[in-house]
Structure formats: C-alpha cells, structure tokens
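Atoms within a ligand are numbered from 1 in the order they appear, just like the ligands themselves.
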Amino acid sequence: MRGTSRFRHADPMTYDLGHHGDTEVGAGLIDLAVNVRRAPMPRWLAEPIAASLTGLAAYPDQSEALTAVAARHRRTPGEVLLTAGAAQAFVIIAQALRGVRRPVVVHPQFTEPEAALRAAGHEVERVLLTEADGFRLDAGLVPAESDLVIVGNPTNPTSVLHPAAEIAKLARPGRVLVVDEAFADTTFRPGVTGEPESLASRRDLPGLVVLRSLTKTWALAGLRIGYALAAPELIGRLASPLPLWPVSTPALVAATVIAGDHAVAMERAIAEQLATERAYLVDALRGVPGITVAGEPAAAFVVIRLGGADKIRVELRERGWAVRRGDTFPGLGPDWLRIAVRDTATTDAFIEALNDVVRAADEPGERELL
Ligand SMILES: Cc1ncc(COP(=O)(O)O)c(C=O)c1O
C-alpha cells in the first residue's frame, strides 16, 4: 500500500487521523502537500551516509550519534533517545506511558500523536485552539489534572510558533509534557541566534520531552531519523518499548553530521531563506480573493481558509498541483488547506493556478460544479 492512510486509524470522531500529505502526491503533481524540503543533499552529508554503506555488516553503534546530538543541544548522551523519525517517538511514548490516566493532545496538530495514543488504548482528550485566537496556545485551556500533554511547536498544520514561556507553564511534577519540535529547525527570527522558542536545551522543566526530526530540512524522510530529549530517567522509560537497534547505521551517521556546527549553521541559513519565501507566499495568498491565512506562519508551510477549499483542492489536482487537505485535522475542516513553502517561482506558478480555480468557482453557475 502506498502512503500512510491506515485502517487502524479509522477515527470514531470523523477525522481520518492516519491521513498524511504523502498520500496526496500523485505522479506528475507538483508537491505542495508534503513539508519536506526539496533540495539535493549536500555533499558533506551525502558522502558520509554513502560511506557508511560499507559498514552495514556490523550492528549499529549509537555512541557517536548520541554524543553529537547531546552536544548540539547542550545536554548529556543519557538525555537523548534516537528514534526512527519523530513518528516512532509518538508510538513509544504511547506504549511506555500506558499508566497515564488523562492524556491531552492540543489541536489542530499533527495527528499521529493522538493516533498512536489511541492505538495503545488511551482515551484521548482534545484541547482545540481556535482561529479567532490565531491558533495560539493558552496554557490555561489544558486541564490541570492531565498527566500527559502533547503540543507541537511550531505546530503542523497551523505553522504557529507558541512562546516557549507559554508552553513552559504546562510543565509540572506528575505530568509528562511532550513538545513536538519536528519543524523547529525551520523557524527563524531576525536578531535571534538559534531557533526561537525552542525548549530543546531546557533541563529545568519537570517531565519535559522534546521531539526532533531530521527528515524535514534535510530531505531525509526515507531514512527515518529523529530523537527525543528528556531527563535520563524519562529517557529510560521511553526506551523500554524500543526494539534492539531501532536506528540504522546510515541514519546514525546522518544524525552525527547534522548535529555538527557546519550543519547547524547551514540550517539557520536555510531557515532564513525559508522565512523570505514564506513571506512571499503569504503575501501572494492574501491577494487571492476569499483566502484567509491563519495565524502568523513560522514554519515550512502555511494554512489557509477558503470557502469550498475541499473542492478547490480537487480542481488544483486537475491542474497538476497537490496541496494538503485540512479536513483530517481536528479543529480544522473542509474549508482549510495546508500549503508547503517553496521557491518563489513555484509560488508564482501556484498562485496563478489558484487564482484561476478560485475565479472559475466564483463564476455564476460554476460554484455548484466545483
Ligand atoms: C509535526 C510533525 N511531527 C513529526 C513528524 C514525523 O516526522 P518524522 O517521523 O519524519 O521525523 C511529522 C511528519 O510529517 C510532523 O509533521
């Protein structure tokens, strides 16, 4: 089966939590549905990964990668758990923390955390952030009794970057606070060194687990590599459901190289360029009749509201463009689409197609056809 929409995720509350952008990208379509950056792998990353193939007879050794990742975030190797992508972390959290009684997922957000919790038998409570509030987190909305809270920062699909101080309010003894920072490396703020609002290096917040992905900026979705950062005791608990050798040798090499100073500097430059391209996309989208861009986008994608977006998405496919449907995200619906930030030439071509489709939809008698 191609893609990731899986039967196990059939959701009683009408959202297909197992649907992801990769299932929307068909042959020949220009992909604005998946948020993985499109760029050739730099030589300094490709060469060590390729060289690692000669060592595949040996079982993977994590020590170098653990040391490198820990150093990057000013932590110790015992505070790092390497995973086969951030996606695997959601599954092990759901399995390792079977004892939690009141798990809360803050939506709209990536649906896999809730799907993994449900698959492990948890009853999940949703806290819904609203468009009226710019999809910004209000820590006061999360029930005080919750012993597991999962929030994304920046959040997929809204692209909103919550203040670190607001998220920190959610940390407390007796609660595990999971912050999915899969897209933190795509954020940039002028005048700020490093990633704005990241909690990756914070060691003072009880129960904090920060999840990171290396698959987005570095276009390594097929390699499967990410990690969790937390206090050693919590890392030990989360590791318990993992099989032996969960991360392959090439993925470990990628983690080591990407944690290095050169890669981190490159990441910052890529994020700065992305900020320019995102501003260009947002401006262009705001010029299309009927479109509202939600919140203040801060990541590698933006989310828009547009009447009849579900049908407009289908029309866009006819014209060769894949965008991500919004109706599978709790808190969004059929009038929402998520669009990946690409280079300005791609944005120009996309906006032209979008304008055409929107105009056609507005022609008398055409609305019903769309
Ligand atoms: C917000 C978010 N978190 C985590 C993931 C999982 O990333 P990966 O497993 O590729 O590291 C994704 C993938 O799309 C995502 O959008």
Exercise. Where the side chain of T111 meets the backbone of L17, is there a donor-acceptor pair that is under 3.5 Å apart?
Worked result: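 A pair under 3.5 Å: yes.
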Exercise. R237 side chain to L97 main-chain N or O, any donor-acceptor pair under 3.5 Å?
Worked result: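 Side chain of R237 to backbone of L97: no pair is present.
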Exercise. Taking only residues two or more places apart in sequence, or in another chain, which ones meet F110 in a ring pair (Phe, Tyr, Trp, His ring centres under 6.0 Å)?
Worked result: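 Result, ring pair (Phe, Tyr, Trp, His ring centres under 6.0 Å) vs F110: H20, F90.
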Problem set entry | Same cluster (ILVMFWY, side-chain, under 4.5 Å), L129 and I167 |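 Hydrophobic grouping puts L129 with I167.
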Exercise. Using 30° and 60° as the class limits, which term best fits the ring planes of Y227 and H73: parallel, tilted or perpendicular?
Worked result: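 It falls in the tilted class, 30° to 60°.
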For this session: Select all protein residues for which some heavy-atom-to-ligand 1 distance is less than 4.0 Å, and list them by chain and number.
Result: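 Lining ligand 1 at under 4.0 Å, by heavy atoms, one finds G85, A86, A87, F90, F110, N156, D180, A182, F183, S213, T215, K216, R224.
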Problem set entry | Heavy-atom check, side chain of F135 versus side chain of S159, under 4.5 Å |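 F135 does not reach S159 side chain to side chain.
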